[in-house]
Each structure stands twice: as C-alpha cells, then as structure tokens.
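Each ligand, and each atom within it, is numbered from 1 in the order the structure gives.
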Amino acid sequence: MAKVILHIDLDAFFASVEISKNPAFKDKPLIVGGKFKRGVVSAASYPARKYGVHSGMPIVQALKLCPHLINVDVDMETYKAYSNMFFEIIRDKCGDKLEIGSIDECYVDFTSKALSLNSVEKYLKDLQQYVTNKLGITCSIGVAPNKFLAKMASDMNKPNGVTILRKRDIKKKLWPLPIEKMYGIGRKTAPRLRELGVTTIGDLANSFDSYEVRHLLGKGFFTLIEWSNGNDKREVIDYHVDAKSIGNSRTFMRNLTDIEEVKKEFLDLAASVSNRIVMVNSLAFGLSIVIKYEDFSVVNRSQTYDRPICNKDEIYLKALKLFEDNYIPGKPVRLLGITLTDIREKNSILKQLNIFDMEINKESTNDIINKLNEVYGKDVFKKASKVGGSDD
Ligand SMILES: [Mg+2]
C-alpha cells in the first residue's frame, strides 16, 4: 500500500516570526538581516520578495532594491521557541511519526492517520488554520507517497498551500520545474548541469545514460535519478522515538598515548553528540564511554545523572572524568567513544512537570523555570516564548 507522507514547512519563517511578534510589520517589505550592513539577508517577507529581495542576498543590495525595507536583527531564541511550538502542534495533530528536517520543516508519516479521515485535504487545511491561529504564521504542506515528492510538493504553492503530488502527476507537475528547484541539487551543481543540457528535473530524470551527468553527480547520481523519477525509499525517522541513545566513536589512525590528544578527541566527540541531542530537542540522563586499547581490550563505563545534560562542555567534562577514573596510564588507546543514554525530550520533561502550558500565568512560569534551572543546571529550561534556517 502506498504511503502518505507529509512535508510541512513554515512560510518565510524568520520573517514571519518577526511579523507575528510585531503586527505593525504585516504586509510590509521586511528582512531579517541585522545591523551589519555587510551581512546577508537571512529571510525575506513575501512583500519584500516582490522587490526581488531574497535570502542569501547582501543586505546592501536588498536595501538598494527596496529603500524602505524594514531590517530587523536575527532573534534565534524566539525562532526556536516558535519552532518548538510548531513541532508540538504537528505531533499532537498528526501522530508521532515525525522527522524534523530543520528549524521550520518536518516530515510526517501520515499513512495510518490518513486511513481514518474522510478528507485528508480538509484535515490539513484545518491544521494550517490551527497553526496560523496559534503561531500567527502560515505553513505549506506537501502530500505525496514519499519524502522527496512531499518536499517538492510543499514548495509548489507557497505560501499557505496544500499540494498533493501523486506519482502519476510527476511528468506534468515535477518534470517541467527548473533544475535549481530540485531538492538535493546544490547551488554550485545546478549551473554545471545546465551546461550539460540538464535544465529541468525531467531532463535529469532522463539522464541515466549520460556519462557526464553521472560523473558530475558522483555518489549522489543514482539517488538523484531515482528521486527525479519520483522514487524515494527513505523512511520517516522519528528521532525522538527512535533515539534511545546518541553515540559517536572514533578509531584512530595512530594509537593515542598523550592525554592532551585524548582530551582533544573527547572534545570533538562531545561536540558531535551534543549537536545531535540539541537537534532533537532532548536531554540525556546518562552517559557512557568506551575505551578500546591497542591490544583490543575494551572498557565500557557509564553513569546516570539526576540533572540531565546536553551541553558540549558538560558532556566533555563528564566523559573525561570517566576516562581518567578508568584509564590504565600509558596504555595506547585505539578507539574512544561517547554515548548519551536515557534520552528524553525536553518538552516531555516539561510536560511531566506540568508547565508546558502556553496559557500559564507568566510570573509563575518564570518561578517554575528558575526552580528547574536550579535543579537541572543553569539555563536548561527557558520559557517557550524565549527560545528559537531557511527562508521558506
Ligand atoms: Mg520554510
């Protein structure tokens, strides 16, 4: 049975948040850029786009195109708060199989939910309205049998569109699109494909026999050809549900004997697992390390904590402490690893404590958050409104 996959994408996200925060900006040309005139546009509102302003453009150039452009500073904390609320809503309304793509977009495996609905389209229109009511931001939704087509579909009728892209429609709806529009084709690759005569997604779909295209796309060739033909086998992976632990390890080209080298490797490993746990908006209540020596003997050590962790430095210090307590001095180390365990979603921790309620009295929220930060460590918790990409 065909799957029903959604790709839900907030429209002009950063710019939309600024308009939601300050309704006086509504319908005005606005960019999120900042004071630094040498910087680039992070996001542009739809009225600004009418002047040819777009993300990635130097701010100076944007101001030339539209002299009365409103230019506001990036406020990542707030964008993250909106992002968290967005994912909460989608999880609540669309079921648990949700994969976060980036700060403003996610995929949902909607297959079983769709079976229970009379009209998927009606449900999604209502969902859009609900998101708009709650966040003051519109979103666009693509509905398709796989992730690639859903992603392409959500972009077809922005802003505030619901677009269903069926396999049988790809020749008509997908293939005529310019190659630059294809997900997976980078800004540098598109012009080179054009030089080879591949100007549309349809051209790519029919390039299987082209040696030049194969050479240019390298490892990605087969995947991109499959995608352009509407085929994508990737599953929607819900890291929240699936990630019981997040780990990384590294085998060294040359065994380590110097503690300074060990520290450097632990710092890198800590940074990588920290990034990943932050991405899935979670905290870990446990940590383990693995040490493999030159003679292939392995030491695993783990610890649990009352106070959850996610921060790079904290992970590093805890991992290093475990290492120092268990290391056989002078013995050459062949592999090191750090794994975060007992991972829980930040929001679910808040929920358990019954404070993730947007309507809650502001003062008491602050009190509770301050108390939580005392218990869990500084700044682990923030008010949803104080927390925080792409342009579309
Ligand atoms: Mg977007």
- Just give me the atom name: the N, O or S atom of Asp104 closest to the Mg ion (ligand 1). OD2
- With the Mg ion (ligand 1) as the reference point, give the N/O/S atom of Asp9 that is nearest. OD1
- Item | Salt-bridge criterion met for Asp232 and Lys147 (N-O under 4.0 Å) | no
Could you confirm whether [X] has any N/O/S atom lying under 2.8 Å from the Mg ion (ligand 1)?
| X | result |
| --- | --- |
| Glu105 | no |
| Ala12 | no |
| Asp11 | no |

- Any side-chain donor-acceptor pair under 3.5 Å between Asn157 and Thr163? yes
- Message: What I want to check is whether the side chains of Ser274 and Tyr316 have a donor and an acceptor closer together than 3.5 Å.
- Response: no
- State whether Phe208 and Arg214 meet the cation-pi test: NZ (Lys) or CZ (Arg) under 6.0 Å from the six-membered ring centroid, and within 45° of the perpendicular axis. yes
- May I ask you to check whether Tyr51 and His68 place their ring centres under 6.0 Å from each other? yes
